[in-house]
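Notes for the one structure printed next.
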Amino acid sequence: MDTNGCFNSLCHLFFHFLLILCLFFPHHNVCLADENLNVKCIDTEREALLVFKNGLTDPSGRLSSWEGKDCCKWSGIKCHNQTGHVIKLNLRNPYLLINGGVGDRAAYEKSCLGGKISPSLSNLEHLRYLDLSLNDFEGSQIPEFFGGFQNLVYLNLSFSSFARDIPSQLGNLSSLRYLDLCADSFSISGSWELRADNLHWLSGLSSLKYLNMGFVKLSGVGEDWLHAINKLPSLVELRLHYCELQGLPQSFPSINFTSLSVLDLSDNSFNSAIPQWLFDLTSLTKLYLVWNFFNGPIPSEFARLKSLEVLDLSNNLGLDGQISRVFGSLNDLKILDLSANAFSGDVYEFLGGFSDNPNNSLVSLYLSSNSLSGELPESLGVLKNLQNLDLSGNSFWGSIPTSVGKLSSLKRLYLSYNKMNGTIPESFGQLSNLVDLNLIANSWTGLLHETHLVNLKSLENIRLTTESPRYLFFNVSKKWVPPFRLKSVQLENCILGPSFPMWLQVQSELTDVNLRNVGISDTIPEEWFSKLSSQITFLVISNNQIKGKLPTQLISPNLRYIDLSSNRFEGPLPRWSTNASEIYLQDNSFSGSIPENIDTLMPRLQKLHLSSNHLNGKIPSSFCDINSLQVLSLRSNQFSGELPNCWRHSLMFWAIDVSNNSLTGQIPSSFGLLPSLSVLLLSNNNLDGEIPSSLQNCSGLTSIDLRGNKLSGSLPSWIGERFQSLFMLQLHSNSLSGSIQQQICNPPNLHILDLSENKFSGAIPTCIGNLKGLVSGNNSEPFLRLLISAMKGKTVEYTNIVAAINGIDLSGNNLTGGIPDEVTKLLGLRVLNLSRNQLSGKINETIGDLKDLETLDLSRNHLSGSIPESLASLNYLVKLKLSYNNLEGKIPAGLQKFNDPSVFVGNPSLCGVPLPNKCPGGHRML
């Protein structure tokens with residue numbers, strides 16, 4: 001047999017086979033030069049490509065292969081296998097997106113092509129495929145000559161920072177099947193606006209199957225957009241999300257694009273009922289109408305859409321009405337998303353609609369973030385094919401229905417942030433495919449037995465918290481080993497203890513652990529703890545009674561967050577080598593010193609909370625070497641010596657709390673090198689010297705607490721001048737002297753002013769009425785949250801600070817003169833203490849204007865005259881001291897609720913209840 005002849009015959013047949021493929025599938029890879037015959041490119045087209053290249057910027061050298069005579073071998077180029085004409089130009093940015101977005105911005109930008117698109121490309125007359133997506137053309141207009149590519153089938157210009165008007169010449173591309181002009185850009189060079197005033201040009205794209213114009217500004221097209229779309233009979237997928245569309249016809253005479261499978265009109269400004277023509281799109285499988293203003297009831301006509309798999313009506317806050325019988329006959333429905341609408345009422349009728357259709361195909365049901373309420377009905381079990389159920393963010397109450405066990409395909413169940421106050425049924429244990437469970441932020445009760453968990457073999461993530469502590473109990477045997485291996489666990493305010501349960505000890509694959517307030521009073525199993533150390537990223541075992549010592553040394557390279565606070569751990573601080581950024585060990589019984597090399601052990605530390613332990617020794621200067629440090633809280637320990645004075649310029653460090661220790665020396669002047677410092681808490685130590693002038697560089701200070709030290713000198717005027725965000729100034733119990741200067745009245749957000757127990761003299765400044773924060777008493781919450789974040793833990797100091805908000809305390813000084821009338825302008829004032837000074841004159845008649853006043857102490861001064869009647873009108877006043885002054889006359893009847901004589905004692909000329917001396921006329925004032 002002639003083998004050469006057979007080979008030639010086979011080659012001949014194979015060539016004809018390829019030719020047939022090319023005729024019927026001209027865009028298929030078999031027709032491209034680099035996979036078939038060695039056809040050279042056309043010289044004029046090669047020259048056109050080189051001119052095009054010269055006009056581009058290419059920082060990463062993506063076009064470095066564009067050299068030599070055969071352009072068919074260049075990167076991104078495909079040629080016809082017979083003619084050599086360029087038919088495909090694919091210059092899509094190869095940068096891999098992370099969850100649809102840019103991860104490494106610099107890497108993405110370097111990978112972008114940019115510059116100008118040369119008209120030389122118009123010489124590629126046979127081009128069928130053009131992709132320039134994910135590049136950055138910095139606001140250039142889409143070239144008009146693109147409309148001359150008569151053979152073009154595929155055009156993708158998405159995410160490439162094209163701007164200005166879309167050229168109407170694109171309407172000449174009668175062969176085009178795929179057009180993606182999605183305008184959202186990942187570029188850092190600017191936000192470019194791609195727009196169109198009309199869409200009439202779309203009518204020329206008679207072959208179009210896919211159209212994406214997301215983020216293109218179409219606010220000027222009115223309702224004409226639908227007329228243009230109606231001239232695209234082959235359209236299968238249409239995406240017009242975030243286009244500022246406003247007009248939506250409620251009716252339309254005849255819909256031509258009935259082959260449409262995917263429609264996305266999300267993030268527009270439609271303010272109407274859902275239009276009736278929508279239900280003529282009987283081929284729809286996915287419909288997205290998210291973030292609009294649709295109103296009225298959900299139309300029952302959705303049941304016409306037999307092929308619907310995804311329906312997303314979330315975040316249409318105008319939708320209302322019943323959701324009953326709407327989807328009952330959707331036999332082929334796969335996914336239904338109605339989350340974040342203002343649907344109200346229960347779901348009895350809605351789920352009842354599926355009872356007539358037990359063979360429904362619903363796979364995903366999203367009703368989250370609505371106003372739905374009532375108990376979940378047993379009819380939930382009719383959704384037998386359900387894989388995803390999200391009912392979070394509503395007002396459901398009661399128990400999970402027992403029929404949940406019938407949802408054998410269920411993988412994800414979310415009931416978080418409801419008002420569930422019942423039990424979890426034992427049938428829950430039949431969900432063998434369940435992977436993710438989120439039941440947080442409810443008020444669960446009852447017992448969880450092994451039967452609730454025994455068949456959950458696929459479970460990887462469990463989140464279960466209850467708002468009512470100690471009403472939900474895990475009642476499983478101590479040695480029970482479950483079938484699942486969790487990756488994350490969050491259990492809060494339920495009872496697992498007192499021992500550390502075995503079913504948790506066998507979870508060796510955990511990366512996230514949150515066991516807050518779960519009643520464990522055991523020791524942590526060291527073997528379990530050591531196994532997790534290499535992989536765990538998030539560890540919270542706070543608010544228990546866990547005792548014993550922690551392993552001295554652990555290497556946890558992945559650990560980012562540690563919270564072991566509010567337990568009974570003892571012994572030295574563990575010398576853990578970790579990249580954790582936040583560590584909370586407060587409210588324990590740790591002892592000993594902080595490691596000197598803490599900067600090398602925890603180089604990425606941002607927040608460290610060690611308050612309320614038994615730590616001692618000096619505060620290491622190596623804290624100054626942790627560049628990422630933001631919060632350092634060492635309050636209520638036994639630290640001694642001087643504060644480190646080595647702080648360097650840092651834009652990160654914003655809070656230090658070393659209150660309630662035995663520190664000595666002066667306040668470090670290097671604190672002035674921390675421009676971001678906002679919270680400075682140094683109270684109850686033995687610090688001396690003056691308040692350092694370098695602190696005025698910390699212009700963002702909001703909270704200053706220097707109480708209980710030995711500071712001397714005057715009150716710096718720059719405190720009021722520089723600290724315009726000052727919320728709290730506490731200087732109680734020091735040896736500061738001099739007058740209280742006018743500048744103290746400047747900070748508009750000052751809500752706590754405590755200068756008590758010092759040696760200040762002179763008059764109370766009349767500008768005190770200018771303290772804007774105390775005029776209204778509002779806007780204190782943001783500053784308080786900042787302070788709470790810095791302090792953490794269970795502290796008496798925190799309670800006292802909250803009680804002092806909207807308060808002025810100038811007691812225990814040598815102030816003279818009268819009480820300024822301006823003080824009664826501070827209508828938000830809750831606490832006013834001017835006791836133990838040398839004040840004289842009368843109590844202001846307008847004192848009754850301070851309607852929010854709760855505490856008033858004017859005792860031990862030289863005040864005279866009568867007690868103003870208006871004082872009795874203060875309904876919130878619960879603490880009053882006017883003792884040891886020179887007040888006279890009758891005690892107002894409205895003050896008789898203060899029946900303790902010590903409130904008024906020491907005023908010989910006062911009379912009436914509760915004092916024993918009678919008023920003139922022989923009777924005590926009633």
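Just so we're clear, the structure is a prediction, and the values are computed from it rather than from any experiment.
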Asn685 side-chain N/O to Leu663 backbone N/O, donor-acceptor pair under 3.5 Å: yes
Keeping the roles fixed (side chain from Asn493, backbone from Glu467), state whether a donor-acceptor pair exists under 3.5 Å. no
Value for CG (Leu706) from CG (Leu687), rounded to nearest 0.5 Å, stands at 8.0 Å
In this structure, which one of Asn517, Asn543, Asn514, Thr465 forms a side-chain hydrogen bond (donor to acceptor under 3.5 Å, both in side chains) with Glu492? Asn514
Output yes when a side-chain donor or acceptor of Arg722 lies under 3.5 Å from a complementary backbone atom of Gln696, and no otherwise. yes
Please check this pair: side chain of Asp857 against backbone of Ser859, looking for a donor-acceptor N/O pair closer than 3.5 Å. yes
Backbone N/O of Tyr584 and side chain of Ser565: donor-acceptor pair under 3.5 Å: no
Just by modelled atom types, is the Asn885 backbone N or O under 3.5 Å from a matching donor or acceptor in the Asn907 side chain? yes
Looking only at atom types and distance, does a side-chain atom of Asn813 sit under 3.5 Å from a main-chain N or O of Asn758, one as donor and one as acceptor? yes
In this structure, which one of Arg860, Arg836, His732 forms a side chain to side chain contact (heavy atoms under 4.5 Å, CB included) with Ser811? Arg836
Do side-chain atoms of Asn749 reach the backbone of Gly773 as a donor and acceptor pair under 3.5 angstrom? no
Roughly how far apart are Leu585 CG and Phe569 CZ, rounded to 0.5 Å? 9.0 Å
Matching residue for Ile819 among Asn837, Leu863, Ile768 - test: side chain to side chain contact (heavy atoms under 4.5 Å, CB included): Leu863
Between the main-chain N or O of Ser395 and the side-chain N or O of Asn418, is there a donor-acceptor pair closer than 3.5 Å? yes
Can you name the residues that form a side-chain hydrogen bond (donor to acceptor under 3.5 Å, both in side chains) with His609, not counting sequence neighbours? none
Excluding sequence neighbours, so at least two apart, what forms disulfide (SG to SG under 2.5 Å) with Cys698? none
Any donor-acceptor pair under 3.5 Å linking the side-chain atoms of Ser678 with those of Thr702? yes
